[in-house]
Amino acid sequence: MLFDTTQLALERAIGGAAQRHTALANNLANVNTPGYQRVDVDFHGTLAAAMAGGDPRAAVERTTFSAERDATAISRADGNGVDADAEAAKLAANALEQQAAVSVAHTRIQILRSAMGVQ
Amino acid sequence: MGMFDALEVSASALTAERLRMDVTAENLANAQTTRGADGDPYRRKEVVLAERPGGTGTFGAALQGAMAARDGAPGGVQVAAIQQDQTPLKQIYDPSHPDADERGYVQMPNVDPVAEMVDLISAQRAYEANVTAMSAAKQMFAKTLELLR
C-alpha cells in the first residue's frame, strides 16, 4: 500500500480541523444570539480513539467527526455561552494546526515522489 | 460537509451584524422624531438574532440536506425579527413644541443615544471578529491547495 496509516490520519486531521473551524466560526457568528450554546468538534479525541484500537487503519478510514454542543460553558445573562476572545484564540490555534498538518502531509508526499524518482 | 461551509457561516454573521448596525443608526437618526411612520413618536427598534440551522441558505446546502441528514451541522446566524422596544416613551416639558399636549408635555422617543453607541460598538466588534474568522478560513483553503503542488 502506498499510503500508510499516518498519512490517512493526517488527511483525516486536515478534514477534522476544517470541520472544527466551521463550528468555531459558528460560535463567533452567534456571539449575540440569546440562548446560544457553543459547539465544538473533538477530532483529536475521535482520531486518538481510532488509532488506539486493534486495527487502526480500518478504524481511521471509518472515522467521521461531528459537532457537539458544549453545555458546560458559562452563560451570560441572556443564556449565551460564547466567550468571543476564547473562540478567536481557538480559531487561530486550529487554523495553525490545520496548516501544520497540511505541511507534514505535503512533505510526506514529497518523500514518496523522491523515492519514485519524480523530479 | 462542504468545503466553503465556514465561509457561509461567517458571511451570515456579517449580514446579521451589518443589519444590527443599520438598525442602530436608524434609532440614532430618529432619537428626536416625534412623528413616526404611524404618526406616534418613534419607538426604538431592536434586532433579534437566532441560530440558523445547518443545511439552509444556499443551493448546495439545500441539495446536501435533501440527500443526507445534516442534523447539528453549524449553519450560522439569522435575523429572527426586528422588534419595537415597548418601554415607556420619554416625556419632556416644552410648551413651544408643535406636538406638545395641552399641559405642555411632549412624548419623545425611548432612544438612549449612549446605549445605541454601545450597541453600535458591539456590532462593529462582532463584525470584525467574523471577518477575521473568514480570512483564517481562506488561509486554510489556500494551504490545503498546496497539497497539489
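If you're wondering where the values come from, they're calculated on a predicted model, not measured in any experiment.
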Hphob cluster co-occupancy, [X] + [Y], side-chain heavy atoms under 4.5 angstrom:
{"X": "A:Phe43", "Y": "A:Leu8", "answer": "yes"}
{"X": "B:Leu28", "Y": "B:Tyr42", "answer": "no"}
{"X": "B:Val131", "Y": "B:Met21", "answer": "yes"}
{"X": "A:Val39", "Y": "A:Val31", "answer": "yes"}
{"X": "B:Tyr127", "Y": "B:Leu120", "answer": "yes"}

Measure across [X] and [Y] and return the closest heavy-atom pair with its distance rounded to 0.1 Å.
{"X": "B:Ala6", "Y": "A:Ala25", "answer": "O-CB, 4.3 Å"}
{"X": "A:Ala105", "Y": "B:Leu147", "answer": "CB-CD2, 4.0 Å"}
{"X": "B:Ala133", "Y": "A:His21", "answer": "O-NE2, 3.2 Å"}

Need one label for [X]: side chain, backbone, both or neither, based on atoms under 4.5 Å from any heavy atom in chain B.
{"X": "A:Ala95", "answer": "both"}
{"X": "A:Ala88", "answer": "neither"}
{"X": "A:Gln110", "answer": "side chain"}
{"X": "A:Gln98", "answer": "side chain"}

Pair A:Glu97 + B:Lys143: basic N to acidic O under 4.0 Å: no
Chain B contacts, top residue of A:Asn26, A:Leu24, A:Val41 (heavy-atom pairs, under 4.5 Å): A:Asn26
Most chain B-contacting option - heavy-atom pairs closer than 4.5 Å, from A:Leu91, A:Leu96, A:Leu28: A:Leu28
Evaluation steps, salt bridge (charged side-chain N to carboxylate O under 4.0 Å, His left out), between A:Arg69 and B:Glu51: CA-CA 13 Å; A:Arg69 289 272 156 206; B:Glu51 189 183 6; 3.0 Å; yes
Heavy atoms of other groups near B:Gln32 CD, more than 12 under 6.0 Å: no
Heavy atoms of other groups near A:Arg76 CZ, more than 12 under 6.0 Å: yes
Side-chain H-bond candidate by donor/acceptor type, B:Glu17 with A:Asn32, under 3.5 Å: yes
Winner by heavy-atom pair count (cut-off under 4.5 Å) against chain A, out of B:Ala50, B:Ala123, B:Ala126, B:Ser10: B:Ala50
Atom group of B:Arg20 that falls short of 4.5 Å from chain A, counting heavy atoms: side chain
Note, A:Asn94 side chain near B:Met140 side chain (heavy atom, < 4.5 Å): yes
OG1 on A:Thr33 to CZ on B:Arg52, rounded to 0.5 Å: 11.5 Å
